[in-house]
A.B. asks: 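Take this structure, written in structure tokens, and hold onto it; I'll ask about it next.
Chain A is the first sequence line, chain B the second, and so forth, proteins listed ahead of strands; every chain is numbered from 1.
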Protein chains: 2
Amino acid sequence: MSSVTINDVARHAGVSKKTVSRVINNEINVSEETRTKVMAVIHQLGFKRNPLGMALAKNRSLFIALLADNPSPGYLQKLQKGILQCCSEEHMGLFLYDCNYRSPTLVYEIEEFIDNTLADGLILVPPLSDKQELLDMLQRKRVRYIRIGPKDQDSDDCVSFNGVKAAYEMTQYLLRLHHKDIAFVLGHPDQESSHRCERGFRNAIADAGIALNEQLLVQGYYTHQSGVDAAATLLNRTPRPTAILAANDEMAVGVLYEAHRRGIKIPEELSVCGIDDISLTTKVWPNLTSMRQPINAIGYRAAFKLIKKLKGEVAASNDSGADIFDCELIVRESTSQPGR
Amino acid sequence: MSSVTINDVARHAGVSKKTVSRVINNEINVSEETRTKVMAVIHQLGFKRNPLGMALAKNRSLFIALLADNPSPGYLQKLQKGILQCCSEEHMGLFLYDCNYRSPTLVYEIEEFIDNTLADGLILVPPLSDKQELLDMLQRKRVRYIRIGPKDQDSDDCVSFNGVKAAYEMTQYLLRLHHKDIAFVLGHPDQESSHRCERGFRNAIADAGIALNEQLLVQGYYTHQSGVDAAATLLNRTPRPTAILAANDEMAVGVLYEAHRRGIKIPEELSVCGIDDISLTTKVWPNLTSMRQPINAIGYRAAFKLIKKLKGEVAASNDSGADIFDCELIVRESTSQPGR
DNA sequence: ATGCAAATTGACACCGGTGTCAATTTGCAT
DNA sequence: ATGCAAATTGACACCGGTGTCAATTTGCAT
């Protein structure tokens, strides 16, 4: 390897290594003259700080990790992309860890993961972000975290998405198309986002002055298969709903499948739409109408907040950027007026 | 934090910290008595070695990273899953890095990533695994790597998939169904796997004694859109092929889309199949017939080999497990005899 | 009991950084 | 020129481990 160390720089610049350390860390008490001289040597020698040495001395690795156990691979993938982009810009490594939300030893496993990597910042994806037992452990270990879309929106460690509005507007859109029997496939009951969507859906129906038929609400779990199952239930009802809105795209694609299997024409005989706008929406036929959630931006934002937090640059007044992201209706091929 | 250090253990056990270090590292020259005593203290105190201290002293972080820029998200996702499982078992952290294969500064960016994380082992996914310039840099930096599915199969740092056989057998399957006009959508010309599949396809056609119509080979790039485009070209030809085999599922799903858009019934009027068996195959309608590549196992195997390599336990005679994985035909709903 | 090689153990320096605190230098008022 | 506070700098110890090498202990033949 023979990489350049802080000692090499110190020797070449004729200063102590502590002074070089000061320059690297942008500390204030360094004369302009010294700073310039040291910077010149740093560039000349191509010095790069060894993150391990720093981590050991500071007792902070500055490594961050993404903890996930999410049933929608497309969602996770986009989130990951956004996070990675931020990490890349900030010269930060991202560890990945696959959890099993249902594991009885989940918290212990995560603790072990942290001990193995010394990650000192975590990004938590639902449903992990709502697990109090996990949050307690992290607090105890002084591991920082940012939660994606969790329950209480008021705290400063969250980045989330306006799920109520997303479902509300999507339902409004279907109502505008003159659909009356609109069914809704719920997400996983453990995840707050599912309840938010449900609220949006109910509000929209109520605001339109329609009495909601509770039969049209079916439990799902955010997985493809649960979408298929929910569709099977709904498509057996009489009268059959003319539109099905699923709480995420993964399930909406499941609905699409079951409808196709029964020979139901989409969108002529059934409108189908989802929420999230994952890449799957433009792969299936017909392309799925969805409510875009800026997943990339959410991931980027979460990573950004976490990194700033770790670096101590506490997101202050100059911290532009909201932590609750808005949605956008993307009309594609899977929705139309009923009976056409 | 106040974690237990090697010094604490040494004090409690009444030995030097070097001896504790010997016990931790399973070195031979430690008396049974001492080893037992130290182990007891380790368990009693809940000591865990600090990986950063070790990394600094040994100049080896034992961190590994997955470098990827693959056009099929489903493929990457499965691979990632397999890798993570192995990492978890081996108590190893996995860094993630998104590359842009087309970036002119790719190698430099990767070098910077390594400097930032000090990863000393890498898993390279196609098309990265064939980039000689990158391999040279890694060699120079003494960074170990395992390549997934690269060009030269003879070297010991590869884990790959029998693409020739996969395409050969899939084509045979279509021939058995009495298809005559079988089209093939090629993968990205920069990736060896594409050429392997092409060879398999050509061999199968030749072995069946059929003169291949070169018009039925269309260039793709492993992406969904390239599958759509290839299908558009193929479905305009007269006579129209009765079956389309794509070099990966991502493209096959694109073919499916284009066929649906044109109102072509699948599989009655057109059989479609792919290679890889990613999760997408069971989400689209109809479910896609595919040649299963044990992507999970490949990922696991790659991580396993890399970790053993880093830990110095050079995969020797006791290293069971092949490095070229075999395929398996998974017949689903998208293929049938022509004209039915 | 003695001698000797082999096995076991520990002292010390080091990996590449940072924190503390004292020493030195600077800049300004007098 | 002198005095003094503030700014700048460096010596040293330390973060949590491992490598080297010499010192000590053990086990066995004599």
A.B. asks: Can you see if the side chain of A:N29 gets near the phosphate of D:dA7 - specifically, an N or O under 4.0 Å from OP1 or OP2?
C.D. replies: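 A:N29 to D:dA7 OP1/OP2: no side-chain N or O under 4.0 Å.
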
A.B. asks: Find the distance A:N59:CG to D:dA13:P and express it as a whole number of Å.
C.D. replies: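 Interatomic distance, CG of A:N59 to P of D:dA13: 21 Å.
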
A.B. asks: How long is the line joining CD1 of A:I28 and C1' of D:dA7, in whole Å?
C.D. replies: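 Taking atom C1' of D:dA7 as the reference, CD1 of A:I28 is at 10 Å.
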
A.B. asks: Base of D:dG17, side chain of B:K17 - is there a donor-acceptor contact under 3.5 Å?
C.D. replies: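 Checked by distance alone, the answer is yes.
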
A.B. asks: Within less than 4.0 Å of OP1 or OP2 of C:dT18, is there a side-chain N or O belonging to A:N25?
C.D. replies: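 Indeed, a polar side-chain atom of A:N25 lies that close.
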
A.B. asks: Where each residue is assigned the nucleotide of DNA chain C containing its nearest heavy atom, which of B:T34 and B:L56 is assigned the position nearer the 5′ end?
C.D. replies: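 In this pair, the answer is B:T34.
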
A.B. asks: Could you state the atom-to-atom distance from NZ of B:K58 to P of C:dA13 in whole Å?
C.D. replies: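 Rounded to whole Å, this separation is 22 Å.
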
A.B. asks: Can you sort out which residues in residues 40-52 of chain A have a heavy atom within less than 4.0 Å of DNA chain C? Ascending by number, please.
C.D. replies: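 The stretch gives A:F47, A:K48, A:R49, A:N50 as the residues lying under 4.0 Å from the strand, ordered by number.
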
A.B. asks: Decide side-chain contact (heavy atoms from CB on, under 4.5 Å) for A:L310 and A:M92; before the verdict, give the C-alpha distance in whole Å, the side-chain angles of both, and the deciding distance to 0.1 Å.
C.D. replies: CA-CA 11 Å; A:L310 290 181; A:M92 192 72 74; 5.6 Å; no

A.B. asks: What is the distance, to the nearest angstrom, from the CG atom on A:D115 to the P atom on D:dG16?
C.D. replies: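 Atom CG in A:D115 sits about 13 Å away from atom P in D:dG16.
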
A.B. asks: Does D:dA11 have OP1 or OP2 sitting under 4.0 Å from an N or O in the side chain of A:S16?
C.D. replies: no

A.B. asks: Rounding to an integer number of Å, can you tell me how far A:E32 CD sits from C:dG27 C1'?
C.D. replies: 17 Å

A.B. asks: Within 45° of the six-membered ring axis of B:F304 and under 6.0 Å from that ring's centre, is NZ or CZ of B:K308 located there?
C.D. replies: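 Here B:K308 passes the 6.0 Å and 45° test against B:F304.
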
A.B. asks: Between D:dT9 atom P and A:I6 atom CD1, what is the distance in whole Å?
C.D. replies: 15 Å

A.B. asks: Below 3.5 Å, does any donor atom in the side chain of B:R22 face an acceptor in the base of C:dG10, or the other way round?
C.D. replies: yes

A.B. asks: If we count only N and O atoms by modelled type, under 3.5 Å, do the side chains of A:Y300 and A:E89 hold a donor and an acceptor together?
C.D. replies: yes

A.B. asks: Roughly how many Å is it from CD1 in A:I24 to P in C:dG17, rounded to a whole number?
C.D. replies: 6 Å

A.B. asks: Does any part of the side chain of B:I146, heavy atoms only, come nearer than 4.5 Å to the side chain of B:L124, both counted from C-beta?
C.D. replies: no

A.B. asks: Which dot-bracket string describes DNA chain C (Watson-Crick N1-N3 plus N6-O4 or O6-N4, or G-U N1-O2 and O6-N3, all under 3.5 Å; [ ] crossing; | other strand)?
C.D. replies: ||||||||||||||||||||||||||||||

A.B. asks: Checking B:D120 against B:R144 for the side-chain contact (heavy atoms from CB on, under 4.5 Å) test, could you report, in this order, the C-alpha distance in whole Å, the side-chain angles of both residues, the deciding distance, and whether it holds?
C.D. replies: CA-CA 6 Å; B:D120 49 21; B:R144 306 289 191 173; over 6 Å; no

A.B. asks: Aromatic rings A:F95 and B:F95: how do their planes relate, parallel, tilted or perpendicular, breaks at 30° and 60°?
C.D. replies: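 Parallel, since the angle between the ring planes stays under 30°.
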
A.B. asks: Expressed in angstrom and rounded to an integer, what is the separation of B:R60 atom CZ from D:dG16 atom P?
C.D. replies: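 Nearest whole value for this atom pair: 22 Å.
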
A.B. asks: Give a yes/no on whether any side-chain N or O of B:T19 is located under 4.0 angstrom from OP1 or OP2 of C:dT8.
C.D. replies: no

A.B. asks: Is a donor-acceptor contact shorter than 3.5 angstrom present between the side chain of B:K18 and the base of D:dG19?
C.D. replies: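 In this structure, the two groups form a donor-acceptor pair.
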
A.B. asks: I want to know whether A:F325 and A:F161 have ring centres closer than 6.0 Å.
C.D. replies: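 That pair fails the under 6.0 Å test.
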
A.B. asks: Verify whether one side chain among B:D136 and B:Q132 offers a donor that lies under 3.5 Å from an acceptor in the other.
C.D. replies: yes

A.B. asks: Got a donor-acceptor contact below 3.5 angstrom from the A:T105 side chain to the A:Y108 backbone?
C.D. replies: no

A.B. asks: I need the B:C99 SG to B:L106 CG distance, nearest 0.5 Å.
C.D. replies: 5.5 Å

